[in-house]
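Structure record follows, encoded as structure tokens.
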Amino acid sequence: MSEIARKFISEADTLRRGAELMNSGVGGIILVLDEDGCMIGTLTDGDLRRAVLAGADLDDPIGPHANRKFTFATAGESRQQMLSKLNDVIRHLPVLKDGRPVDLLSWKDLWWLPVAEPNLAGNELKYVADCVNTSWISSQGSYVVQFEKMFADFVAVEHALTTSSGTTALQLAMAALGIGPGDEVIVPAVTFGATANAAIQVNARPVFVDVDAVGCLCPEAFADAVTERTKAVVPVHLFGHACDMDRIGSIAKERGILVIEDCAEALGAHWNGRPVGSFGDAAAFSFFANKIITTGEGGMVVCPDPELADRMRLLRDHGMQRDRRYWHLEPGFNFRMTNIQAAIGVAQMEQVDTFLAHRRALASVYENALRDVPGVELPQGHAGSESVPWLFLILVDASTRDRLITALKAVGVDTRAVFPSLHVQPAFGSEVPGRLPTAELFSDRGLCLPLSNRMTVAEVERTVSSLRDELKKMSET
């Protein structure tokens, strides 16, 4: 049965049947049809209650109690025309064809707020058209070089190399640094699986450790996990919060451990005034569509060492000698970014300061509005950290987190749970015995609210209002 057909009821059916159908989860509205299948009215929870309070019997037919003065759209109208008929009062809009319902739009269709979306309002289309018009669409072209230069300058590093994704940026750095079989790579348990997958792809073993109160790699947990097999540590600047790079760097230097920063969510963040990505032996960034800047898919790996940069360039392009075509010096990868993607990246870098300022302004609205909301905790960055909001992270009670996600989705607000801790997942869980309590806390209680370069203050306020409403309902039940 189609989703809309679940909401159909005959005018001859009883109010009891209507109540049963409402309780089955039809989104608060039933479409009442005549014997020919044409729509004659709607029935809501409120209509049912009013009918019963007015003395109607549950075995009475629905027809006389249906709301026959309903607003509807006609198939063939534009979506914009249809959605314009929704408002604070009219929250459901049947779409009719020859009098029969074929679709149902709701309040959340009008007000759907994704958890993240890209802003492509700059020169993206112009530069992509230039690639197409000049036929420079593959991995060679001026935009690749320009994007790498702009990015290196922004992160304050000597060398930047575009890659096909943030994951391949991490893998390329690990391979070029000689990480391989028998080596251990220390990874915080709260991060996207790509951080661990990159280590596994170079045949190293990820070792998961706990996180601190911000959700970033805990320096003490890192120090405790070091063995003679530890080759590298990957501090992940989670949700735009900078890790404590002073303490992590000091431990790594003392123990002779490589540092590879995972900056996928933190372009523009700083630790003690210095950009993230400029601390490690190498650092990786992601340009997936939900990141600070985007190229659709894509990534960047940066480093201070010219020899390491040359080696990564070699491995990135099949291990081919740069001045001798098709001459392979060693096995390599195809981790290249296209010129089209880089063109989008250039346009995004032209706007990056504006994006960052906008995100920080939205985060400030969130913080002020949520600071005193019962049941909501706001993780604070380290004293030395100048964060950049990726998504807006809050902590709520574990027993209500998933219910909140469902309830907010029903009113058109998309949210996301924090990554489940890697050490308990089937692909990685056997690598760590026991518990990592702070990591599990973030995984159980973390909720990401919408935040993006296109989002407005009004949308933040609507998100906060919806969150307050749903939390209040839950506290009353």
Side-chain angles (χ1 to χ4, degrees), residues 118-124 126-128 130-131 136 139-166 168-170 172-173 176 235 237 240 242-243 245 249 259-288 291-296 298-313 316 335-360 385-390 453:
N119 184 338
L120 302 171
N123 287 316
E124 289 84 0
K126 175 183 176 182
Y127 296 162
V128 168
D130 182 46
C131 293
W136 289 97
S139 58
Q140 297 180 21
S142 62
Y143 286 107
V144 173
V145 176
Q146 186 178 352
F147 187 25
E148 291 176 340
K149 176 65 167 61
M150 294 173 76
F151 200 87
D153 291 344
F154 185 81
V155 182
V157 294
E158 291 297 320
H159 307 280
L161 290 78
T162 51
T163 60
S164 55
S165 70
T168 57
L170 282 169
L172 183 61
H237 304 291
C243 297
M245 294 309 299
V259 177
I260 303 170
E261 296 175 74
D262 185 335
C263 309
E265 303 167 4
L267 176 63
H270 290 73
W271 175 255
N272 284 334
R274 185 172 160 186
V276 299
S278 65
F279 291 89
D281 296 279
F285 294 80
S286 171
F287 306 134
F288 185 64
K291 297 302 190 293
I292 307 293
I293 68 167
T294 185
T295 57
M300 190 82 74
V301 58
V302 303
C303 71
D305 182 359
E307 292 185 8
L308 176 60
D310 285 344
R311 176 151 178 74
M312 288 194 292
R313 287 190 187 94
R316 178 182 61 174
F335 287 168
R336 300 169 301 194
M337 175 183 282
T338 69
N339 199 46
I340 289 178
Q341 290 173 293
I344 297 172
V346 168
Q348 291 276 288
M349 286 301 296
E350 291 174 347
Q351 305 167 82
V352 67
D353 290 327
T354 300
F355 290 165
L356 294 173
H358 182 68
R359 285 173 171 271
R360 290 185 171 116
S385 169
E386 181 188 358
S387 302
V388 55
W390 177 46
N453 298 332

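The residues of the chain are indexed from 1 along the displayed sequence. FYI, side chains are in, hydrogens and waters are out, and symmetry mates aren't considered; it's all heavy atoms of this structure.
Classified by interplanar angle (parallel below 30°, tilted 30° to 60°, perpendicular above 60°), the ring pair Phe287/Phe151 is perpendicular.
One finds the CD atom of Gln348 at 7.0 Å from the CG atom of Asn119 (value rounded to the nearest 0.5 Å).
Considering only heavy atoms from C-beta on, Pro304 stays 4.5 Å or farther from Val157 through its side chain. Inter-residue side-chain proximity for Lys149 and Asp153 is flagged as met; some heavy-atom pair is nearer than 4.5 Å. For the pair Phe335 and Val301, the minimum side-chain heavy-atom distance is 4.5 Å or more. Counting only heavy atoms from C-beta outward, the side chains of Ile293 and Gln351 never approach each other to under 4.5 Å. With a 4.5 Å cut-off on side-chain heavy atoms, Thr162 and Arg336 do not count as touching. Put simply, the side chain of Val259 reaches to within 4.5 Å of the side chain of Met245, judged on heavy atoms. Residues Leu267 and Lys291 form no side-chain contact, since every pair of their non-hydrogen atoms from C-beta on lies 4.5 Å or further apart.
Salt-bridge annotation for Asp130 and Lys126: absent, with no side-chain N of the basic residue lying under 4.0 Å from a carboxylate O of the acidic one.
Without hydrogens or angle criteria, Ser385 side chain to Ala242 main chain gives a donor-acceptor distance under 3.5 Å.
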Practice item. Evaluate the criterion side-chain hydrogen bond (donor to acceptor under 3.5 Å, both in side chains) for residue pair Glu350 and Tyr127; output intermediate values, then yes/no. Key: CA-CA 12 Å; Glu350 291 174 347; Tyr127 296 162; 2.6 Å; yes
Practice item. Test side-chain hydrogen bond (donor to acceptor under 3.5 Å, both in side chains) on Gln341 and Thr338 and set out the steps. Key: CA-CA 5 Å; Gln341 290 173 293; Thr338 69; 3.2 Å; yes
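Test His159, Met337, Met300 against Glu148 for side-chain contact (heavy atoms from CB on, under 4.5 Å) and you get one pass: Met300.
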